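See structure below.
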Amino acid sequence: MDFDVIIIGGGINGAGIARDAALRGLRTCLLEQDDLCGATSRWCSRLVHGGLRYLEFAEFGLVRESLREREVLLRTAPHLVRPLPLLIPLLAGARRGPATVRAGMWLYDLLSAGKSLPSHRMLDAAATRREMPGLEVDGLRGAAGYHDAQVRFPERLVLENLLAARAAGADIRLRTVAERVLVEAGCVSGVLLRDLRRGTTGTLAAPLVVNAAGPWVDRLLGSLAGQRQRRYIGGSKGTHLVTGPLPGLGASACYAEAAADGRPFFIIPWNGMTLIGTTDIAFDGDPGAVHSDPAEVDYLLAEARRLFPAAGLSRDAVHYSYVGVRPLPAAAGKDQAAITRRHQLRHHRNLARGLYSVIGGKLTTYRSLAAQVVDRLARRSGRDLAACSTHREALPGALADPVPLAADITARTGLDGAVAARLVGLYGSRADAVAALVARDPALGASLGSAHAIAAEIVFAFEEEMATSLADCLMRRTMLGLEADLGAGVLDGALRVAAEQLGWDAARCMAERTGFLVETAALRRPLQR
Ligand SMILES: Cc1cc2nc3c(=O)[nH]c(=O)nc-3n(C[C@H](O)[C@H](O)[C@H](O)COP(=O)(O)OP(=O)(O)OC[C@H]3O[C@@H](n4cnc5c(N)ncnc54)[C@H](O)[C@@H]3O)c2cc1C
């Protein structure tokens, strides 16, 4: 056998499972058809949260698990997951009155007893206006304030899980499609794969396969020859808008009820800008071809304008938008918002023993999901594996206090304070390795043109972080492609560094530029009428 387990899907769930499996001693391989974190895990609300609204559906177990995981992530990935204050406006005539919200807050605190974040507080109308001066909505009676957490870049959370998996011995193969799960005598025997970069096909043998393909789960199962499949996933698409900083929002996120349909609705300070979302619309198509409808953009803008009327929100204020497909468990006829966000693990024992599929789940609970999956793999393989350690083992870049490292980098390399702050803010303790490139070759301290980004980051993305294209580097490593200008300010600088340091010729530079522009243009398309 080539491996003990093959994991299909390099989103947060596949990455978390790969890390846990490799740390516990399983010979692990992960296949991802695209770049890492190319799908749902990046196009989400970026909240690491207990899921206050799940209390309404009596999902106490899910809320407790999510709140516990929130704490684990704040501890093991403090450079990526940070506390986020939120306010819920209390409005006259709203479906959820102050007593209901207060009861929810109380229960949320109870379920997160022992947490590191502050407990909730109730604000009157005047205090609410002081904290969120732009909230000028009719009938404002006050607000409930509480804390959850935000992962600014799930892309880097996925990356760091994969780096940890690789350091523990896992074989991570990006741009490699699992074409078909192979079965012999009713048991999984491996995967037929296609390497998109080399243009080759091949097989890998393993007695265990985990289908962590998110919204593609059913498609992968459909590849099992001759089998008629039941449906496990009922997709739901969700759109977000990214605008500039919203005047009067302040440091807290606003969590409200949409006037149009009563759906939960967030306005979140994010990456120096504002994230507005989300929609929740049944989606049955190809997850790779999902797009936002103009009506979704109008809905989100109208709801945000209702709460922040003076902010001047129009289509022109939107830098870009993004859309993802929630891989929810299929639940025909059920209201999208009411479908459980709890994950399920299916063992397809009638189809192929040893084949498991991950159905649903949340970004927040990926680590506990991974632990449960690897426990099942251990039972199935009959192996006596090491105990799960991911609840205490920090991710590779974990750094609780960025200030001393930033000062040290400035002292050692002469890099500007704002550059050093960017490096530790993004790479955590691994900023040290980026700075080491500058110490070796001071030319790599040169600015890329904007956002305090430097040349060394481009080299680091390709040499240390598994990037293979300019889009990987700007969209899912350095994160410069998610700035307000969608990376336009660093594009020439990044290509210059790639030509000088990585040896790209003119044709490669041209092709990479085009690939990157195609990817970013898709984020602007829903805004064009
Ligand atoms: C709009 C929206 C908002 C959300 N907000 C939040 C939030 O704030 N907090 C939260 O906790 N959760 C949130 N979620 C839920 C969360 O994002 C998802 O549950 C989670 O990201 C799913 O991760 P995944 O790894 O299962 O799927 P994905 O991230 O989609 O990863 C699956 C991967 O499998 C790959 N793949 C598919 N088929 C193959 C194949 N044949 N071979 C190789 N690779 C393959 C795909 O390319 C993809 O990269 C939100 C989701 C959406 C859509």
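Keep in mind the model is a prediction, meaning the values are calculated, not measured. Start at 1 and go down the list; that is how both ligands and their atoms are numbered.
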Practice problem: Look at atom CZ of Arg64 and say whether more than 12 heavy atoms of other residues, nucleotides or ligands are closer to it than 6.0 Å. | Solution: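 Not buried by this count: 12 neighbours or fewer within 6.0 Å.
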
Tell me yes or no: between the side chains of [X] and [Y], is some donor less than 3.5 Å from an acceptor?
X      : Y      : value
Glu179 : Ser223 : no
Ser368 : Glu65  : yes
Asp109 : Tyr146 : no
His49  : Gln150 : no

Quiz item: Mind checking what residues have non-hydrogen atoms under 4.0 angstrom from ligand 1?
Solution: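 Residues Ile8, Gly9, Gly10, Gly11, Ile12, Asn13, Leu31, Glu32, Gln33, Ala39, Thr40, Ser41, Trp43, Cys44, Ser45, Arg46, Leu47, His49, Thr176, Val177, Ala178, Ala212, Ala213, Gly214, Pro215, Trp216, Leu220, Gly238, His240, Thr278, Gly324, Val325, Arg326, Gly361, Lys362, Leu363, Thr364 each place a heavy atom under 4.0 Å from ligand 1, listed by chain and number.
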
Self-check item: Any residue meeting ring-ring contact (aromatic ring centres under 6.0 Å, His included) with Tyr255, in chain and number order, not counting sequence neighbours
Solution: Phe266

